[in-house]
Amino acid sequence: MDTKHYRTLFISDVHLGSKAAKVDFLLEFLRVHEAETIILVGDIVDGWRLKRSWYWPQDCNDVVQKLLRKARKGTRIVYIPGNHDEFLRGFPGSHFGGIEVAERMIHETADGKRYLVLHGDEFDVVVRNARLLAYLGDWAYDTAIVINIGLAAIRRRLGMPYWSFSAWAKLQVKQAVNFIGEFQKVVAEEARRNHVDGVICGHIHHAVMEDIDGIHYINTGDWVESCTAIVEHHDGHFELISWGERIGAVKRDLKAISRDVPLAISMEPAEVTTTEAA
Ligand SMILES: [Mn+2]
């Protein structure tokens, strides 16, 4: 596959350090996708998982090295921490190996539209307590978000697991779709408060591009299950890439070709036993 060039590339929720991370797929993806700017939209490293038990095979280093090499060659890379890599939240504005750390940012597209970029976990508390906060008003809303981030830091220090949006949503299967919808609405509302055209976030592992009450809501998805990324083309339009499906297509092709020949290379990802994340 030829290398593709984009203006901006957005990925999130890789969860390096978790056995469920599809690191080999991501490496292949990064090999054939170049961009002027790469924005890492949080939960790239799973600090919560690593704290419980260290799991860092060589291919995790390969991802880090690949990104650092791109930075050296002139790609601007911005790392927006999520809840699983919130240890980086203590370093806004700092650089490591040419990678900038920012809590959130405004991204301006080639055609002049402005997008708020953030991970999205700060709104968990709002999604869970939507009715109560609507009743209590703006002050409670802002305070709840600040408390949510503070609590996550304290829980991590105490070695407690982070409250997981997707695990929680999955437990309440019937309502999961409602929760995703509620999250999207809350994040779109935050974009409106910031007077921007759209928002780009991650966190809930549900890649999508859609209009929510006049706000362009974009979610980058994840590299634990779906292997998705968002790219901005040179003219400013966005595209959702489902690399998992592409890989699936390759696998089907290989099977068709080698119907009579045993498949030498298995494209199957390692057994996924846990999908706890978000
Ligand atoms: Mn997250």
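Note that this is a predicted model, so its numbers are computed, not measured. One-based numbering, in listed order, for ligands and for the atoms of each.
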Under 2.8 Å from the Mn ion (ligand 1), is there any N, O or S atom belonging to [X]?
X: His119; answer: yes
X: Ser12; answer: no
X: Asp43; answer: yes

**OP:** Could you list all the salt bridge (Lys or Arg N to Asp or Glu O under 4.0 Å) pairs where at least one residue sits in residues 208-223, not counting sequence neighbours?
**Re:** none
Original post:
Looking at Ile38 and Leu67, what are the two nearest heavy atoms and their distance?
Top reply: CD1-CD2, 4.5 Å
Subject >> Cationic N near anionic O, under 4.0 Å, Lys113 to Asp111 >> reply: yes
**OP:** Not counting sequence neighbours, which residues clear side-chain hydrogen bond (donor to acceptor under 3.5 Å, both in side chains) with Lys70? List them please.
**Re:** Glu34
Original post:
Can you name the N/O/S atom of His203 that is nearest the Mn ion (ligand 1)?
Top reply: ND1
